[in-house]
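Remarks on the structure that follows.
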Amino acid sequence: MNKFIPLMAAILAPSLFAAPVKGKADLLASNTVIARFDGFTEIPCRHMTADCPDKCDHATKVANFTVLVNEDYKQPGKYGADKAEVGSTMMVDVKKPTPGQDDAAIFALVDQLTPGDTVRLTQDHLYIDEGCYIYPAYPVSKMEKVDKPAAAPEVPAFVPATPIQPRMMPGRRAR
């Protein structure tokens with residue numbers, strides 16, 4: 001019980017604990033959906049730099065969610081991510097920190113999920129300007145476990161079309 005109260009406080013107040021964004025961040029779009037958790041996918045290092053695979057941080061793990069219902073979509077300006085359609089997949093990186101996301105609370109909640117559980121999640125599309133670096137970020141600003149809505153359609157579970165494999169590097173030919 002002692003571990004449950006801080007976890008719930010962290011989940012219910014993400015704005016207080018969210019990772020700070022360095023520089024200026026503009027909200028381009030926000031999707032609030034009811035989604036089904038379909039499990040994890042390990043994405044290995046692709047061996048693209050001299051630091052790979054020992055010193056790089058390319059390998060990651062993502063949680064896959066299939067959208068059942070799109071509850072709310074906001075796009076304040078001209079640009080931003082599209083509205084999440086029913087049956088589409090949302091991926092949440094559960095290994096690397098994401099700017100603007102309360103990583104500890106999101107990672108803790110995702111660790112408690114089993115495939116088939118239903119969550120309400122809000123994923124934002126931010127445009128971050130750190131001066132010399134400008135990049136998009138897709139933090140999850142809110143996630144909570146909910147019951148599956150009765151009106152939700154049956155959508156097949158996410159299954160990668162092909163297993164994610166490390167890129168095959170051409171080797172030297174024997175002479």
(request) Salt-bridge test for Asp38 and Arg36: reply yes if a basic N is under 4.0 Å from a carboxylate O, no otherwise. (result) yes

If I take atom [atom1] from residue [X] and atom [atom2] from residue [Y], how far apart are they, to the nearest 0.5 angstrom?
X: Ile128; Y: Tyr135; atom1: CD1; atom2: OH; result: 4.0 Å
X: Thr118; Y: Glu144; atom1: OG1; atom2: CD; result: 12.0 Å
X: Ile106; Y: Leu121; atom1: CD1; atom2: CG; result: 8.0 Å
X: Met143; Y: Gln123; atom1: CE; atom2: CD; result: 8.5 Å
X: Tyr138; Y: Gln101; atom1: OH; atom2: CD; result: 14.0 Å
X: Asp103; Y: Lys95; atom1: CG; atom2: NZ; result: 13.5 Å

(message) Listing request: all ring pair (Phe, Tyr, Trp, His ring centres under 6.0 Å) pairs with a residue in residues 21-40, at least two apart in sequence or in separate chains.
(response) Phe37-Phe40, Phe37-Phe65

Closest contact, heavy atoms only, [X] versus [Y]:
X: Cys45; Y: Ala59; answer: N-CB, 3.6 Å
X: Glu85; Y: Val67; answer: O-CB, 3.5 Å
X: Val33; Y: Met90; answer: CG2-SD, 3.6 Å
X: Asp93; Y: Lys96; answer: OD1-N, 3.2 Å
X: Asp117; Y: Lys145; answer: OD2-NZ, 3.4 Å
X: Pro139; Y: Leu126; answer: CG-CD1, 3.6 Å

Please say whether more than 12 non-hydrogen atoms of neighbouring residues, nucleotides or ligands are located less than 6.0 Å from [atom1] in [X].
X: Lys24; atom1: NZ; answer: no
X: Lys74; atom1: NZ; answer: no
X: Asp111; atom1: CG; answer: yes

(message) I'd like to know if the side chain of Asp72 reaches the main chain of Ser30, judged simply by a donor and an acceptor atom lying under 3.5 Å from each other, with no hydrogens or angles considered.
(response)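 Here the side-chain-to-backbone pair does not exist.
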
(request) For Asn70 and Ala84, indicate whether the former's side chain and the latter's backbone hold a donor-acceptor pair under 3.5 Å. (result) yes

(message) According to ring pair (Phe, Tyr, Trp, His ring centres under 6.0 Å), who are the partners of Tyr127, at least two apart in sequence or on a separate chain?
(response) none

(message) Count I, L, V, M, F, W, Y as connected when their side-chain heavy atoms are under 4.5 Å apart, and connections chain through other members. Are Tyr73 and Val69 then in the same cluster?
(response)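 Hydrophobic grouping puts Tyr73 apart from Val69.
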
(request) Flag yes if Val146 and Val86 sit in one hydrophobic cluster, no otherwise; membership is Ile, Leu, Val, Met, Phe, Trp, Tyr, and two members link when side-chain heavy atoms are under 4.5 Å apart. (result)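 Both belong to a single hydrophobic cluster.
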
(request) Verify whether one side chain among Thr41 and Asn64 offers a donor that lies under 3.5 Å from an acceptor in the other. (result)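 Result is yes, a qualifying pair exists.
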
(request) Among Ile, Leu, Val, Met, Phe, Trp and Tyr joined by side-chain contacts under 4.5 Å, find the other residues sharing a cluster with Tyr79 and list them by chain and number. (result) none

(message) Do Thr32 and Lys142 have side chains that approach each other closer than 4.5 Å (heavy atoms only, starting at C-beta)?
(response)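 No, too far: nothing below the 4.5 Å cut-off.
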
